[in-house]
Amino acid sequence: MHMRPLPLLLCCCLSLAARSQNPPPKSVIPVVETTIATIHQALKNKTCSCEGLVGEYLRRIDAYDRSTGLNAIVLTNPDALTIARGLDAEYTRTHQLRPLHCIPLIVKDNYNTKGLQTAAGSLTLKGYIPATDATMVRRLKDAGAIVLAKSNMAEWAFSPMVTISSIAGETHNPYNLEHVPAGSSGGTAAAVAANLGEAGLGTDTGNSIRGPSSHNSLVGFRCTIGLLSRDGIVPLYLRNDMGGPMARTVEDATRLLEVMVGYDPADPITRYSSGRIPVNYTQYLDKRGLRGIRIGVFRTLSERNPDPQVEALFEKAIIDLRRAGAVIVDNVTVTKFDSLADNQWCQVFRQDIDNHLANQDPAPPVKNLREIVASGKFSSYISDDIHEELEKGVRTDSVNHTCGDAYTDPRRIAFRDSMIAAMDRYKVAALIYPTWNNPPARIGDLKGYKGDNSQIIAPHTGQPAFTIPMGFTYDHLPAGLQFLGRPFDEPTLIRICYGYEQATQHRRPPERFPELAGK
């Protein structure tokens, strides 16, 4: 259910002006394509209040999400305006802004959010309200961010192509509503792209931050496994799962990342990040960051039957990188790539979801996968997958299992070692390839799922991989450029991605979702 904000909040500055009894400011902050920096400057200049800003985003959700058919939002936070008022009062009292003070976020429905329904897109969890936040959500809130809304997702995160759930239906692509936003984080991607929130959170088991970001002209960060805690996130395959930021700019994604990183005893794999986190990540936002950086072109992926328009954008991206100062190393090859990439997946959903449900407070309405399947409360398109997971799911507590994490599984280590050895051999800081070799498929065309490159390397090797807008193809449909880096070398990827973004400025908003009138 969407909450309808009061008419008095139609203007970002109105509530502040009413309190101060001064005339309203002559200018207000536009929320279409705003950034964290512009929001904070407006708060400092007193041309905007947090309450008014949040009210305007809620007004956009109310005006656009259902009426256009976008269908990106499951529910809005009924406490968002109250939280915003508290942040306004805090700033009046302290004259200090927290790192993410008053930044309205769209949070995927598989992140635990204290006091707010978390259902992972499933009717089996409808009405379930966790007692605590996921670690990443808690850290964002501590930095001053506001959970504005929970976004639709592919149910239980099963689909990389579509965002369909039994709890909210299907999300469409804001650039062309006849096409998919990809999955499983398509709700977050569509909402952030349409400026229904400032930035958002997705999760990526194989594709699901980078794929939807690419399809929606966004920046998406899949970081090194171990850099960010997965505690409090409903799992798909925990051995591959990563949460992370989705934003309209590299800077905004970096600002979210900066407050979320770090060790969490609730997620032991984060111990690998110890000693590998810089003082801050924003120091790497260098417009000239591409100068002298060696970047390898990984045609092993880019030449797998690409759509001609995506192929043309990729070749243009290579030219743009070179013009911005990068040294391009073409045709990088990786020893035994196909054999190392083969057979890396493990069906561990049954074990992971059973463990997750058993450890939630309060107890969810279902306690394991068997009860989920027995309920019948799931979308038909995942029926085969969910039954197969129940019948054939791997248990990693079995002595015979071969499904370890990125730091202990010999197959994953061998794959990562080969990737890094190739990068060392060619002396490159990153490898590039299209995030998708094809444009977004049409709604209902399950055979249109083609060209997804995100599933192949990073989920298994644990390396960081970021996607950045690369331009547009047919019918205003976006495409993305992906950068693969070395483990825990997010600083270099930030430098590279920011330099490319600033040199090209490919991001533009979908025309169907302009600024609202009547401010």
Side-chain angles (χ1 to χ4, degrees), residues 108-112 118-125 128 134 153-162 164-167 183-185 203-208 225 230-243 266-269 341-360 363-413 415 446 449 452 454-456 458-462:
K108 188 176 179 179
D109 192 31
N110 59 350
Y111 282 81
N112 279 358
T118 300
S122 176
L123 281 172
T124 59
L125 292 181
Y128 177 68
M153 59 180 284
E155 191 157 355
W156 299 109
F158 270 117
S159 176
M161 178 184 174
V162 297
I164 304 173
S165 70
S166 62
I167 206 165
S184 62
S185 307
T203 60
D204 190 312
T205 302
N207 151 92
S208 298
I225 288 181
R230 288 89 47 89
D231 176 61
I233 300 174
V234 181
L236 178 54
Y237 300 152
L238 189 60
R239 66 195 295 270
N240 297 91
D241 290 346
M242 279 296 293
D267 185 2
I269 206 166
D342 189 41
N343 196 31
Q344 286 281 352
W345 291 102
C346 282
Q347 292 178 293
V348 292
F349 177 67
R350 180 178 181 179
Q351 174 177 284
D352 290 343
I353 194 63
D354 286 0
N355 288 343
H356 174 83
L357 293 171
N359 288 285
Q360 295 307 292
V366 287
K367 62 179 181 289
N368 53 46
L369 179 57
R370 187 172 298 281
E371 290 187 2
I372 293 169
V373 172
S375 76
K377 295 179 180 180
F378 47 83
S379 300
S380 59
Y381 79 104
I382 69 164
S383 180
D384 289 346
D385 289 332
I386 204 165
H387 279 92
E388 183 174 326
E389 293 289 342
L390 179 63
E391 295 163 8
K392 300 180 180 179
V394 174
R395 294 198 62 86
T396 58
D397 54 5
S398 164
V399 294
N400 297 318
H401 86 88
T402 57
C403 298
D405 66 46
Y407 298 101
T408 60
D409 188 321
R411 293 177 301 163
R412 301 178 74 173
I413 294 169
F415 191 8
L446 295 179
Y449 176 74
D452 176 4
S454 295
Q455 306 266 2
I456 300 168
H460 313 298
T461 65

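Side-chain atoms are counted along with the backbone in the values below, which use heavy atoms only and exclude waters and symmetry mates.
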State the [atom1]-[atom2] distance between [X] and [Y], to the nearest 0.5 angstrom.
{"X": "Ile353", "Y": "Leu236", "atom1": "CD1", "atom2": "CG", "value": "9.0 Å"}
{"X": "Arg239", "Y": "Cys403", "atom1": "CZ", "atom2": "SG", "value": "5.0 Å"}
{"X": "Met153", "Y": "Asn110", "atom1": "CE", "atom2": "CG", "value": "4.0 Å"}
{"X": "Arg412", "Y": "Asn240", "atom1": "CZ", "atom2": "CG", "value": "4.5 Å"}
{"X": "Asn359", "Y": "Asp231", "atom1": "CG", "atom2": "CG", "value": "10.0 Å"}

Taking it one step at a time, do Ile386 and Val373 satisfy side chain to side chain contact (heavy atoms under 4.5 Å, CB included)? CA-CA 7 Å; Ile386 204 165; Val373 172; 4.2 Å; yes
Contact summary for [X] and [Y], nearest pair of heavy atoms:
{"X": "His460", "Y": "Trp345", "result": "CE1-CE2, 3.3 Å"}
{"X": "Lys377", "Y": "Leu123", "result": "CB-CB, 3.9 Å"}
{"X": "Thr402", "Y": "Arg411", "result": "O-NH2, 2.7 Å"}
{"X": "Gly232", "Y": "His356", "result": "C-CE1, 4.5 Å"}
{"X": "Lys108", "Y": "Thr203", "result": "NZ-OG1, 2.6 Å"}
{"X": "Asp267", "Y": "Arg230", "result": "OD2-NE, 2.6 Å"}

Quick check against the 3.5 Å criterion: does [X] have a side-chain atom that pairs as donor or acceptor with the backbone of [Y]?
{"X": "Asn207", "Y": "Gln455", "value": "no"}
{"X": "Ser454", "Y": "Gly206", "value": "no"}
{"X": "Asn368", "Y": "Asp354", "value": "no"}
{"X": "Ser375", "Y": "Ile372", "value": "yes"}
{"X": "Asp204", "Y": "Met242", "value": "no"}
{"X": "Ser122", "Y": "Thr124", "value": "yes"}

Report yes if the side chains of [X] and [Y] come closer than 4.5 Å at any heavy-atom pair, otherwise no.
{"X": "Phe349", "Y": "Asp385", "answer": "no"}
{"X": "Arg350", "Y": "Arg370", "answer": "yes"}
{"X": "Gln351", "Y": "Val394", "answer": "no"}
{"X": "Asp405", "Y": "Ile269", "answer": "yes"}
{"X": "Glu155", "Y": "Ile164", "answer": "no"}
{"X": "Glu371", "Y": "Pro364", "answer": "no"}
{"X": "Pro365", "Y": "Tyr128", "answer": "yes"}

Applying the side chain to side chain donor-acceptor pair (under 3.5 Å) criterion to Ser184, which one of Ser159, Ser165, Ser208 satisfies it?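 Among the candidates, only Ser208 passes.
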Which of parallel (below 30°), tilted (30 to 60°) and perpendicular (above 60°) describes His387 and Phe378?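 It falls in the perpendicular class, over 60°.
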After noting the C-alpha distance and the side-chain angles of Asp409 and Phe415, does the key distance pass the side chain to side chain contact (heavy atoms under 4.5 Å, CB included) rule? CA-CA 10 Å; Asp409 188 321; Phe415 191 8; over 6 Å; no
Single hit among Ile382, Thr205, Asp384 for side chain to side chain contact (heavy atoms under 4.5 Å, CB included) with Phe158: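 Of all the options given, the one that passes is Ile382.
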Can you check side chain to side chain donor-acceptor pair (under 3.5 Å) on Asn112 and Gln360, steps first, answer last? CA-CA 10 Å; Asn112 279 358; Gln360 295 307 292; 2.7 Å; yes
